[in-house]
2 protein chains.
Amino acid sequence: MLRRSEQAPPQAAILLATGPVRYFAPNCCIYMASDAAEALFKVVSGVVRTVRFLQDGKRQIDAFYGSGDVFGFERGAAYTLTAEAVSRCTVISYNCKGLDVLAMHNPALTRQLYVYTLDGLGRAQAHAKLLAHAGATGKIAGFLLECSAASGDEHTITFAMARQDIADYLGMTVETVSRALTELRKAAFIDLISSREINLKNVAALRSLNS
Amino acid sequence: MLRRSEQAPPQAAILLATGPVRYFAPNCCIYMASDAAEALFKVVSGVVRTVRFLQDGKRQIDAFYGSGDVFGFERGAAYTLTAEAVSRCTVISYNCKGLDVLAMHNPALTRQLYVYTLDGLGRAQAHAKLLAHAGATGKIAGFLLECSAASGDEHTITFAMARQDIADYLGMTVETVSRALTELRKAAFIDLISSREINLKNVAALRSLNS
DNA sequence: CGGTTTCTTGAACGAGGTCAAGTTGTGTGG
DNA sequence: CCACACAACTTGACCTCGTTCAAGAAACCG
């Protein structure tokens with residue numbers, strides 16, 4: 001998650017240029033599951049999460065999106081997930097119908113959409129890998145590495161999200177997240193600068209934990 | 001998984017028409033992780049799995065593909081997963097470079113690829129939902145519902161895959177899979193006709209377990 | 001500075017993993 | 001067609017790890 005899209009071809013500018021810009025405060029809803037899927041979104045700044053609410057009241061986070069990432073892709077006519085702002089954030093929305101019309105005349109745009117979807121696919125597969133990975137410490141290690149790769153900074157991570165968000169993303173409880181982090185700190189693999197800021201001291205060790 | 005692609009637009013025929021057909025015996029390797037990602041594949045008959053092998057020797061199954069499904073999509077130049085035949089199966093391979101050339105002149109084909117990728121995305125998200133879902137019985141219930149949706153037959157499922165495959169797909173052990181199935185049988189939600197054939201007696205109950 | 005939320009830590013419990021044995025199923029050769 | 005060998009599946013007993021419940025510490029905000 002938070003993986004920065006690789007440098008986008010010129011065509012991507014179309015997406016950036018044409019849609020209205022919108023601002024959201026933390027925890028604000030961008031769209032709801034079952035809403036008509038009329039727009040794609042591109043994150044300009046801040047972090048967005050897509051969420052699923054289960055019958056028993058539990059919450060699952062499907063993905064986090066950082067600047068440059070595009071979200072809102074749907075196979076059907078309605079969103080299957082809810083999108084919310086994690087931090088204060090800015091997104092560009094792009095109307096799908098308009099996009100379709102444009103794509104008719106612009107194969108390169110269609111191709112660009114295809115590549116963004118591939119990004120999402122890789123992201124979802126990496127997420128499944130983390131979830132299937134037995135062991136709380138390994139999951140957290142993998143999550144930290146994802147964050148590190150997304151931020152660009154190899155060694156310092158600044159979380160936009162709370163512990164509860166991390167827990168719901170990894171399918172565990174806040175308590176276990178906390179314990180796993182202190183365990184990694186005691187092993188001297190990381191430093192907990194503050195609750196939202198972490199220093200990776202031994203990336204190789206984290207990588208081996210994650211497999 | 002095993003979700004049958006919704007009826008493909010005419011353009012899909014391009015994919016079907018142009019590539020060489022290949023046959024695989026059970027457990028045969030179709031491509032390996034780190035191989036050059038030169039082809040997409042479409043399943044004609046049988047079932048295929050994509051697999052990830054972890055350092056500790058454990059195996060994760062990323063997805064199952066049944067007839068009509070397309071697999072082999074990659075963001076980069078190499079496959080990140082290994083594809084293997086679950087049962088004896090027939091697939092059509094399609095060279096990616098040729099596809100690129102075609103797509104230049106055929107926006108509809110590019111769009112079709114885009115839709116197939118959306119399929120994969122939805123599949124991966126559903127998988128993540130299952131994996132994050134705490135509770136062995138709930139996971140199995142969700143898996144059975146996926147299989148039922150894929151097969152078309154609402155009530156009878158015939159597995160192509162072994163228990164170990166199910167376990168590696170759901171991130172649990174064979175023993176737990178077995179126990180969860182007998183639990184569902186004792187609750188009279190399913191009938192175990194044989195080890196590879198299951199009858200869903202109470203779909204509503206399964207659905208509520210899965211949430 | 002007080003109040004609220006977030007984060008961490010502790011203790012007890014329970015679901016799932018592990019190890020081991022038994023059962024069923026399948027394919028092969030006599 | 002049966003006997004045998006091997007693989008797949010099921011079941012049981014035990015133990016580990018993560019959840020749950022509860023309390024305390026730290027950060028955030030009015």
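Note that the structure is predicted; figures quoted are calculated from it, not measured.
- Not one side-chain nitrogen or oxygen of B:Arg196 sits closer than 4.0 Å to the OP1 or OP2 atom of D:dA8.
- At the phosphate of D:dT11, OP1 or OP2 sits under 4.0 Å from a side-chain N or O atom of B:Thr182.
- Ring orientation note: the planes of B:Phe41 and B:Phe71 are close to parallel, at an angle under 30° on the 30°/60° scale.
- Closest to the side chain of B:Thr176, out of C:dG17, D:dT20, D:dT10, is C:dG17.
- Summarising the geometry, the separation between CD on B:Glu183 and P on D:dT11 is reported as 12 Å, rounded to the nearest angstrom.
- For A:Ala162, the listed nucleotide lying nearest its side chain is C:dC7; candidates were D:dT20, C:dG17, C:dC7.
- Here the C1' atom of nucleotide D:dC9 and the CD1 atom of B:Ile198 are 12 Å apart, to the nearest Å.
- One can place CG of A:Leu181 at 13 Å from P of D:dG18, the figure rounded to the nearest angstrom.
- Taking atom CD on A:Gln164 and atom P on C:dT6, their separation rounds to 9 Å, with Å as the unit.
- Among the heavy atoms of the strands, none lies under 4.0 Å from B:Gly138.
- Counting to the nearest Å, the P atom of C:dG17 and the CG atom of B:Asp56 are 14 Å from each other.
- Put simply, CG on B:Leu184 is 17 Å from P on D:dC9, counting in whole angstrom units.
- Aromatic ring pairs are classed by plane angle as parallel below 30°, tilted from 30° to 60° and perpendicular above 60°; the pair B:Tyr169 and B:His127 is parallel.
- Between A:Ala134 and B:Leu192, the residue anchored nearer the 5' end of DNA chain D, judged by the nucleotide with its closest heavy atom, is B:Leu192.
- Across C:dG17, D:dT11, D:dT20, the shortest atom-to-atom separation from the side chain of B:Glu175 is found for D:dT11.
- Partner of B:Arg49 under the side-chain hydrogen bond (donor to acceptor under 3.5 Å, both in side chains) criterion, chosen from B:Thr82, B:Asp62, B:Asp165: B:Asp165.
- Distances shorter than 4.0 Å separate none of the side-chain N or O atoms of A:Ser195 from OP1 or OP2 on D:dA27.
- A donor-acceptor pair is defined here as one N or O able to donate and one able to accept, closer than 3.5 Å; no such pair exists between the side chain of A:Glu84 and the backbone of A:Val48.
- Checked against C:dG17, D:dC9, D:dT20, the side chain of A:Arg179 finds its nearest nucleotide in D:dT20.
- Using a 4.0 Å heavy-atom cutoff across all strands shown, A:Ser178 reaches at least one base atom of the nucleic acid.
- Atom CD1 in A:Ile193 sits roughly 18 Å away from atom P in D:dA26 (whole-Å rounding).
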Quiz item: After noting the C-alpha distance and the side-chain angles of A:Asp119 and B:Arg75, does the key distance pass the salt bridge (charged side-chain N to carboxylate O under 4.0 Å, His left out) rule?
Solution: CA-CA 7 Å; A:Asp119 275 344; B:Arg75 179 68 169 87; 2.3 Å; yes
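- B:Ile166 has its CD1 atom 17 Å from the C1' atom of C:dG16, to the nearest Å.
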